[in-house]
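The next block holds one structure in the form of C-alpha cells; read it before the comments.
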2 protein chains.
Amino acid sequence: MAAETTVRRLVDAAERLFAERGIDAVSLREINTAAGQRNSTALQYHFGDRAGLLKAVLAKHRPEIEARRHQLLDEYEARGPLPQADALRSLAAALVRPAAAKLADPDGGRDYLRVMEQLVHRVPPSLPEDGGGSIDRWRELVAPLLPEAAVRLHQRFMAIRMTYVELARRASGPPARDDRLFTSHLIDVVSAVLASEVSDETARLLAEREQRP
Amino acid sequence: MAAETTVRRLVDAAERLFAERGIDAVSLREINTAAGQRNSTALQYHFGDRAGLLKAVLAKHRPEIEARRHQLLDEYEARGPLPQADALRSLAAALVRPAAAKLADPDGGRDYLRVMEQLVHRVPPSLPEDGGGSIDRWRELVAPLLPEAAVRLHQRFMAIRMTYVELARRASGPPARDDRLFTSHLIDVVSAVLASEVSDETARLLAEREQRP
DNA sequence: CGTCAAATAAGACGATCGCCTGAAATACCG
DNA sequence: CGGTATTTCAGGCGATCGTCTTATTTGACG
C-alpha cells in the first residue's frame with residue numbers, strides 16, 4: 001500500500017476517534033486497527049507519537065480555515081469604517097464562519113471541530129502556534145472596538161471559546177441539511193458577547209481595583 | 001479508621017484528581033492511593049464504581065448551589081416586574097453567582113467547577129437529574145424575556161455552558177484574592193448572551209425555515 | 001533485472017488498568 | 001465481655017496499554 005494513502009487513512013481514523021472518544025481516551029492501537037493496519041508500527045513510523053498524529057489531524061484542516069478568515073478580514077479592512085454594531089458583527093462573522101464551514105465538510109470537518117474544542121479547553125492553551133495567525137490578526141482588529149481595557153482580553157477569549165464550544169456541540173449531533181440559521185444565530189450571540197458593556201457594578205469594582213493595585 | 005472519614009477522604013481525592021486530570025483519565029487505584037488507602041477495595045466498597053464516586057463528588061457541593069440559586073430566584077420573583085435589562089441581569093446573576101461562590105470555597109469548590117465543566121460538555125447531557133431543579137426553574141423564568149421562540153432554547157443553553165466554561169477556567173488558575181470583578185463581568189457577558197437579539201440575516205433565515213418546515 | 005531505502009507486518013516486553021476473592025481488623029451493641 | 005456486621009487489607013486475574021526489536025514486503029531507480 002502506498003505510503004501516502006496509509007498516512008491519510010491513519011489521519012482520518014484518528015480525527016474520527018479523537019472526536020468521538022477524546023484525544024487521550026483512545027489507544028494508538030485502536031487507531032491503527034481502524035485505519036486497516038494490522039499491527040501497531042505504521043503509526044509510530046509516520047507520526048512518532050500521539051502528539052505528532054494530532055498535529056497532522058489539525059494540519060489537514062487548518063490552512064483552509066486560515067485562508068477563509070484572512071479573506072474575510074481583508075474584506076473587512078477594505079470596507080473602511082463601519083457603524084460599531086456592523087463592525088462587530090462583521091468581525092464575529094470572520095471568527096465564526098470559517099470554522100462553521102467545517103460543519104458541512106464531509107471529509108472530517110465535523111470531527112475536526114470536536115477535536116478543536118478539546119484543545120480550546122486545555123489550560124495552559126496547548127494549541128499549536130497559530131502560524132498563519134488569522135486569530136491574532138482578528139484579535140488586533142477587534143481590540144479597538146471593545147469597551148474597557150481591563151476586560152477586553154477576557155471578552156475576546158470568551159468569544160473564541162464560545163465559538164468552538166457551540167460549533168463542537170453542533171458537530172456532535174447528526175449532520176443538518178442546512179447550517180446557515182445556526183451559524184447566523186451563533187454570530188449574533190458572539191457579537192453580543194463582544195459588544196457587551198460593563199455594568200455599573202463591574203465598573204465600580206474596576207475602579208476599586210485601580211486604586212488598590 | 002472510621003468509615004465516615006475514609007469516605008470523605010476518597011471523595012476529596014476524587015474531586016481533586018477528576019478536576020486535574022479528567023474524570024475518565026484517572027485510575028481508581030490512584031484515587032485510592034491518594035486517599036491513603038493501601039489497596040483498592042475501599043473505593044469499590046463504598047461507591048461501587050467510578051460513576052458512584054462521581055455522584056458523591058457532585059452531591060457534596062450541589063445542595064449549597066441549589067439553595068443559593070433558589071434564594072436568588074425567590075428574591076427575583078418577590079421583587080416584581082423590572083425593566084428588561086435589569087431583569088435579565090438579575091437572572092444572569094442567579095445563574096452565575098451560586099456557582100461562582102465555589103471559586104472561594106477552599107473545600108474543593110474549585111475542583112467541583114472543573115468537574116462540572118466536563119459534564120456540561122458531555123453529549124448527550126449526562127448530568128444527574130437536577131433533583132432540586134433550580135436550573136429548570138431558572139429556565140422557566142428566563143423564557144418570557146427572550147426574543148424569538150425558535151432560538152430561545154439555544155440561547156439559554158449557551159448561557160449555561162458559557163457560565164461553566166468560564167468558571168472552570170478561572171478555577172483552573174491559581175486562586176485569586178478576590179473574584180468579585182471576574183464574577184460581575186461574567187454576569188455582564190452572560191446577560192448580553194441572553195439579551196442578544198436576532199439579526200436581520202437570522203430573522204430572514206428563520207422566516208425561510210418556517211415556510212419550508 | 002538487481003539493489004537499496006521506505007514502508008508494513010509480527011510479536012513480545014513490562015506496566016497498569018478495573019475488578020474480584022478471601023482473610024484480617026475494627027466498630028457496634030446486647 | 002463476646003459476637004456480629006461493617007470496613008480495610010493483601011493479592012491475583014485477564015485485558016489492554018505504549019513501546020521496542022526484528023523480519024518481510026513494497027516501490028523507485030540506475
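Since the model is a prediction, treat every value here as computed from it, not as a measurement. Each chain gets a letter, A, B and so on, in the order the sequences are listed, and its residues count up from 1.
For the pair B:I31 CD1 and C:dC19 P, the computed distance is 11 Å after rounding to whole Å. Distance CD (B:E30) to P (C:dA15): 17 Å, rounded to an integer number of Å. For B:D49 and C:dC17, the CG to C1' distance is 15 Å, given to the nearest whole Å. Rounded to an integer number of Å, the gap from CZ of A:R29 to P of C:dT16 is 16 Å. Distance B:N32 CG to C:dC17 P: 12 Å, rounded to the nearest Å. Taking atom CG of A:D24 as the reference point, atom P of D:dG18 lies 10 Å away to the nearest angstrom. We find that CG of B:L43 is positioned 19 Å from P of D:dT6, with the value rounded to whole Å.
In this structure a side-chain-to-backbone donor-acceptor pair under 3.5 Å is present from A:R110 to A:G173.
Of the candidate nucleotides D:dC17, D:dG12, C:dT8, C:dT8 has the atom lying nearest to any side-chain atom of A:Q37. Proximity note for B:Q44 (side chain, C-beta onward) versus C:dT8, C:dC19, D:dG18: the nearest is C:dC19. Across C:dC17, D:dC17, C:dT8, the shortest atom-to-atom separation from the side chain of A:Y45 is found for C:dT8.
When the side-chain nitrogen and oxygen atoms of A:T41 are compared with OP1 and OP2 of C:dA9, none of them lie within a distance under 4.0 Å. For B:H46 and D:dT6, the shortest distance from a side-chain N or O to OP1 or OP2 is not below 4.0 Å.
With a 6.0 Å radius and a threshold of 12 heavy atoms from other residues, nucleotides or ligands, B:E197 has its CD atom at or below the threshold.
Checked by atom type, the side-chain pair B:H185/A:Q155 shows a donor-acceptor distance below 3.5 Å. Looking only at atom types and distance, the side chain of B:S196 has no donor-acceptor partner in the side chain of A:D188 under 3.5 Å away.
Where A:A42 and B:L28 meet DNA chain C, the nucleotide closest to each residue was compared, and A:A42 sits on the side nearer the 5' end.
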